[in-house]
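Below, chains carry the letters A, B, ... as their sequence lines are ordered, and counting in each starts from 1. Only this structure's heavy atoms are used, side chains among them; waters, hydrogens and symmetry mates stay out.
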Number of protein chains: 2
Amino acid sequence: MAERKGGSALSREEYDSWRVFIETTEELRGALAGRFQADSGISAGDYQVLLALSEAEGRRMRSSELAEGIGWERSRLSHHLGRMEQRGLIRRETAPTDSRGSEAVLTDDGRDALRHASVPHFHAIRELFLDALTPAQLAAARDLAETLRDHLAAKRKPRRG
Amino acid sequence: MAERKGGSALSREEYDSWRVFIETTEELRGALAGRFQADSGISAGDYQVLLALSEAEGRRMRSSELAEGIGWERSRLSHHLGRMEQRGLIRRETAPTDSRGSEAVLTDDGRDALRHASVPHFHAIRELFLDALTPAQLAAARDLAETLRDHLAAKRKPRRG
DNA sequence: GCGCGATAATTGATGTGTCATCTATTCGTG
DNA sequence: CACGAATAGATGACACATCAATTATCGCGC
């Protein structure tokens, strides 16, 4: 990892930059998740689902659209909706136009949970992320994220397959 | 989430920056993990453990030191070592000096797995991360990560508890 | 209107992370 | 030395993510 050869070895500096970046962002995610869960009783994943549903027409969405909207695989969403349904945060109904499909519907309990979660959510983001950064750093974070996101998208779908 | 009140609401821009940052870093982690696992047959977590052990005196470490070294909770490490032991990558022995404790020992299979994983590992880092960024962006990423890391450390241990 | 590939969603298996709890051992202090 | 607190580590329960396989329905071409 110190010498350069074959085009795939990394310099110490490259490797260190990578490591501190990936480990810290992972730590940030974990800290946020823990804080958020402890303060509101719902997870970050729950929050995404609830928010999307609350903004949807009739507070309901087809599973596929929901998955698309929040950028999850359908299998992941299906499992997650199962758990949320157990807890009464959402309910599932078969889609009226296509009986293969299902709609996730926000329940009243789900609406309440979302309402109570928003403030802790924003507070945690401010405290653990925004407060740490200067405006320039925040701008750099955004630039970085957008660059990486585009790069990953290109890697994922290089023209065809 | 648009208006500012109570000091905890976020501007749209703050929220968007947060979202793209956290979602993209999470996506990067997932992409790396998938690529790495597919190419080498071991996970990123396995890699960290194997690397630490391979560099240790006698290719063995006390569980606590290992956990400390790679920054994991002991419970997490314990579960992970159990799985790695199942696959023959490591072996556990009771510590000679303290019979409460245990040592994780790198097996020959573990050493081989590490050897075969290094190139794919570096390659994935280069391809998904380093290749995406200009030198300035890479420097910004590191600066950002270090700032956040320090901030999180301060939040975690504010002087005493 | 039948048959078959495509699509929507669920399910099961497995790996992973966290928390709370448990067991065994060590150590400090009387 | 004995006892209780602290420590090392393992374990069980649960939430979560990914992958492969499965089920049910749709819709097109004949």
Side-chain angles (χ1 to χ4, degrees), chain A residues 23 26-38 40-49 60-87 89-105 156, chain B residues 23 26-38 40-49 60-87 89-105 156:
Chain A
E23 287 177 1
E26 175 61 15
E27 190 185 342
L28 174 62
R29 196 203 54 76
L32 231 298
R35 172 82 55 112
F36 184 38
Q37 173 87 44
S40 69
I42 69 175
S43 71
D46 297 334
Y47 186 81
Q48 277 185 82
V49 170
R60 60 177 58 226
M61 283 181 91
R62 282 290 292 269
S63 286
S64 301
E65 292 171 24
L66 180 51
E68 172 84 13
I70 62 182
W72 287 12
E73 291 180 14
R74 285 188 313 176
S75 162
R76 175 182 176 186
L77 179 62
S78 188
H79 282 297
H80 206 102
L81 288 180
R83 290 187 296 266
M84 291 180 73
E85 192 169 28
Q86 288 294 316
R87 291 186 291 148
L89 298 173
I90 61 117
R91 166 168 44 90
R92 281 192 275 201
E93 297 176 0
T94 59
T97 66
D98 183 341
S99 41
R100 284 172 304 182
S102 76
E103 286 183 338
V105 188
R156 171 127 348 133
Chain B
E23 286 176 1
E26 175 60 15
E27 189 185 342
L28 174 62
R29 195 203 54 75
L32 230 298
R35 171 81 57 111
F36 184 39
Q37 173 86 44
S40 70
I42 68 175
S43 70
D46 296 335
Y47 186 81
Q48 278 186 81
V49 170
R60 59 176 60 224
M61 281 181 90
R62 282 292 290 272
S63 286
S64 300
E65 291 170 26
L66 180 51
E68 172 84 13
I70 62 183
W72 287 10
E73 292 181 13
R74 284 187 316 174
S75 162
R76 176 181 177 186
L77 179 62
S78 187
H79 281 298
H80 206 102
L81 289 180
R83 291 187 296 265
M84 291 181 74
E85 192 169 27
Q86 288 294 316
R87 291 187 290 148
L89 298 173
I90 61 116
R91 163 168 47 88
R92 281 193 273 202
E93 298 176 0
T94 59
T97 67
D98 182 342
S99 40
R100 285 171 304 182
S102 75
E103 286 184 338
V105 188
R156 170 125 350 132

Over all strands shown, is Arg92(B) touching base, sugar-phosphate only, or nothing at heavy-atom distances under 4.0 angstrom? sugar-phosphate
Rounded to the nearest Å, what distance is computed from the CD atom of residue Gln86(A) to the C1' atom of nucleotide dC16(D)? 15 Å
Do you know which two heavy atoms are closest between Ala104(B) and Leu66(B), and how far apart they sit? CB-CD2, 4.3 Å
How would you label the contact of Arg87(A) with the nucleic acid (heavy atoms, under 4.0 Å): base, sugar-phosphate, or nothing? nothing
What integer distance in Å separates Asp98(A):CG from dC26(D):P? 5 Å
Starting at CD of Gln37(A) and ending at C1' of dC19(C), how long is that distance when rounded to a whole Å? 11 Å
Within the 3.5 Å criterion, strictly below it, is a donor on Ser99(A) or Thr94(A) matched to an acceptor on the partner's side chain? no
Between Asp46(A) and Glu65(B), who's closer to the 5' end of DNA chain D by nearest nucleotide? Glu65(B)
Contact summary for Val105(A) and Glu93(A), nearest pair of heavy atoms: CG2-CD, 4.0 Å
Which is true for Ser99(B) with a 4.0 Å heavy-atom rule: it touches a base, it touches only sugar-phosphate, or it touches nothing? sugar-phosphate
Distance in angstrom units between Arg74(A) CZ and dA20(D) C1', rounded: 14 Å
Atom CD of Glu68(A) and atom C1' of dT7(C): how far apart are they, to the nearest Å? 15 Å
Measure distances between side-chain N and O atoms of Ser75(A) and base N and O atoms of dT11(C), and say whether any donor-acceptor pair falls under 3.5 Å. yes
Between Glu65(B) and Arg62(B), does at least one N-O distance fall below 4.0 Å, as a salt bridge requires? no
Spacing between Phe36(A) atom CZ and dT18(C) atom C1', to the nearest angstrom: 17 Å
Residue closer to the 5' end of DNA chain C, Gly30(A) versus Ala95(A) (nearest nucleotide): Ala95(A)
Between Ser43(A) and Gly34(B), just flag the one whose closest nucleotide in DNA chain D comes earlier from the 5' side. Ser43(A)
Of the listed nucleotides (dC26(D), dC16(D), dT18(C)), which one gets closest to any side-chain atom of Glu73(B)? dT18(C)
Hey, can you pull the residues of residues 76-85 of chain A with a non-hydrogen atom under 4.0 angstrom from DNA chain C? Ser78(A), His79(A)
Using whole Å, what does the distance between atom P of nucleotide dT26(C) and atom CZ of Arg62(B) come to? 10 Å
Any donor-acceptor pair under 3.5 Å joining the side chain of Arg100(B) to the base of dT26(C)? no
Using whole Å, what does the distance between atom C1' of nucleotide dT10(C) and atom CD1 of Ile90(A) come to? 13 Å
Return the minimal non-hydrogen interatomic distance between Pro96(A) and Glu103(A), and the atom names on each side. CD-OE2, 3.7 Å
Closest approach of Arg92(B) and Ser102(B), non-hydrogen atoms and distance? CD-OG, 4.3 Å
Among Glu85(B), Arg91(B), Arg87(B), which residue meets the side-chain contact (heavy atoms from CB on, under 4.5 Å) test with Leu89(B)? Arg87(B)
